[in-house]
Amino acid sequence: MKKYPHKLILGSKSPRRQSLLKELGFEFETHEVEVDESFPETLKREEIPMYLAGKKCEDYGNVADDSILITSDTIVWLNGEAINKPEGRQDAISMLKKLSGRMHEVITAICLRSSTNTKSFFVVTDVHFKRLTEEEIIYYVDNYKPFDKAGAYAIQEWIGYIGIEKINGSFYNVMGLPMKELYEALWLFSEEKVEIS
């Protein structure tokens, strides 16, 4: 792969996202972006992660001329409701009980920003959970402590192995970075193409 022509900055402290971006073959540095993750109640579905990814982009400040900043946000969307990160053990258990036996959408939004331009896009994946037992839910929550994860689960952990019947769309999107779409978007953005979504 040819060398990417710009310096990349990943605005995330997530080890998962850092690992995924590294696997794409890009060199980058990380910058932890801490923002209030609240959002207007009028926002629905993809509008929520698009808003939050944009908020993280803005929080970074000025981007150097030779750099491109990447920020992202992921939510779980179930029956018209956003399921974000759990507030503790009981909240995580309740979230997984809601997801049990149903299909939900995982929506990740990406914001790319240079010194002169900003582009955003989102990717949706349908995830189908089997009907989980209470014992399975409690085992997962107590052993994996998924308190920093939207929907209180990570697809690459035990709950994904035993609980997910099928997915429609990008597996890596559920992990937090839609790899193919981000790879293509970064190259298009570097060439200052208008459309990336």
Side-chain angles (χ1 to χ4, degrees), residues 8-18 20-21 28 30-64 67-88 91-92 94-95 98-99 103-127 146-155 167-186 188-189 192-197:
L8 287 178
I9 304 160
L10 177 64
S12 174
K13 64 180 179 182
S14 164
R16 248 176 3 269
R17 289 187 173 125
Q18 292 172 20
L20 288 172
L21 187 58
F28 63 96
T30 58
H31 176 84
E32 291 190 15
V33 178
E34 294 284 352
V35 299
D36 172 12
E37 294 194 355
S38 62
F39 53 86
E41 292 183 4
T42 53
L43 297 183
K44 302 295 181 187
R45 201 170 172 268
E46 73 276 1
E47 295 171 342
I48 298 167
M50 290 282 279
Y51 172 83
L52 292 172
K55 198 173 179 181
K56 293 172 184 178
C57 245
E58 291 171 11
D59 185 75
Y60 178 82
N62 294 327
V63 178
S67 301
I68 292 175
L69 172 68
I70 306 165
T71 60
S72 63
D73 193 82
T74 300
I75 67 158
V76 166
W77 186 255
L78 175 69
N79 287 346
E81 177 189 3
I83 300 178
N84 296 307
K85 297 172 185 174
E87 295 180 0
D91 197 26
S94 297
M95 285 182 178
K98 281 185 180 179
L99 298 178
M103 186 276 285
H104 63 271
E105 294 177 309
V106 176
I107 308 169
T108 298
I110 305 284
C111 182
L112 304 178
R113 185 171 158 221
S114 68
S115 59
T116 59
N117 204 4
T118 302
K119 299 292 179 191
S120 298
F121 66 99
F122 67 93
V123 176
V124 182
T125 303
D126 295 339
V127 180
F147 308 129
D148 63 339
K149 297 170 176 66
Y153 80 93
I155 194 171
I167 68 169
N168 297 322
S170 167
F171 172 86
Y172 296 103
N173 184 50
V174 186
M175 285 182 68
L177 273 184
M179 302 279 270
K180 179 184 78 69
E181 293 83 355
L182 176 58
Y183 177 83
E184 293 170 352
L186 280 169
L188 285 172
F189 194 67
E192 297 188 346
K193 295 285 180 69
V194 175
E195 292 296 331
I196 63 170
S197 58

- Message: What's the separation between atom OG in S12 and atom CD in E32, rounded to the nearest 0.5 Å?
- Response: 8.5 Å

- Message: Could you check whether any side-chain heavy atom of I75 comes within less than 4.5 Å of a side-chain heavy atom of F39, counting everything from C-beta outward?
- Response: no

- Can R17 and T74 be counted as having a side-chain donor-acceptor contact under 3.5 angstrom? yes

Side-chain atoms of residues 167-174: list all donor-acceptor pairs with protein atoms under 3.5 Å, sequence neighbours left out, distances to 0.1 Å.
| unit_1 | atom_1 | unit_2 | atom_2 | d |
| --- | --- | --- | --- | --- |
| S170 | OG | Y172 | N | 3.3 |
| S170 | OG | N173 | N | 3.0 |
| N173 | OD1 | T108 | OG1 | 2.9 |
| N173 | ND2 | V106 | O | 3.1 |
| N173 | ND2 | V123 | O | 3.2 |
| N173 | ND2 | T125 | OG1 | 3.0 |

- Rounded to the nearest 0.5 Å, what's the gap from OG on S14 to CG on L21? Could you check? 11.0 Å

- Task: Would you please test I155 and M175 for side chain to side chain contact (heavy atoms under 4.5 Å, CB included) and show each step?
- Result: CA-CA 6 Å; I155 194 171; M175 285 182 68; 3.6 Å; yes

- Note on the structure: Residues A152 and M95: closest non-hydrogen pair is CB-SD, 3.9 Å

- Message: As an exercise, state the distance from CG of D148 to CZ of R16, rounded to the nearest 0.5 Å.
- Response: 6.0 Å

- Task: Report the residues that fulfil salt bridge (charged side-chain N to carboxylate O under 4.0 Å, His left out) with E58, sequence neighbours left out, ordered by chain and then residue number.
- Result: none

- Take T71 and D59, measure what side chain to side chain contact (heavy atoms under 4.5 Å, CB included) needs, and give me the verdict at the end. CA-CA 10 Å; T71 60; D59 185 75; over 6 Å; no

- Message: I need the full list of side-chain hydrogen bond (donor to acceptor under 3.5 Å, both in side chains) pairs touching residues 47-57, with sequence neighbours left out, sorted by first then second residue.
- Response: K56-D73

- Message: Does any part of the side chain of L182, heavy atoms only, come nearer than 4.5 Å to the side chain of L20, both counted from C-beta?
- Response: no

- Roughly how far, to the nearest 0.5 Å, is CE of M50 from CZ of F122? 6.5 Å

- Task: Give the minimum heavy-atom separation between L78 and M103, together with the two atoms involved.
- Result: CD1-O, 3.5 Å

- Message: In the structure I gave you, are the side-chain heavy atoms of V124 and E46 within less than 4.5 Å of one another anywhere?
- Response: no

- 4.5 Å side-chain heavy-atom contact, I70 and L186: yes

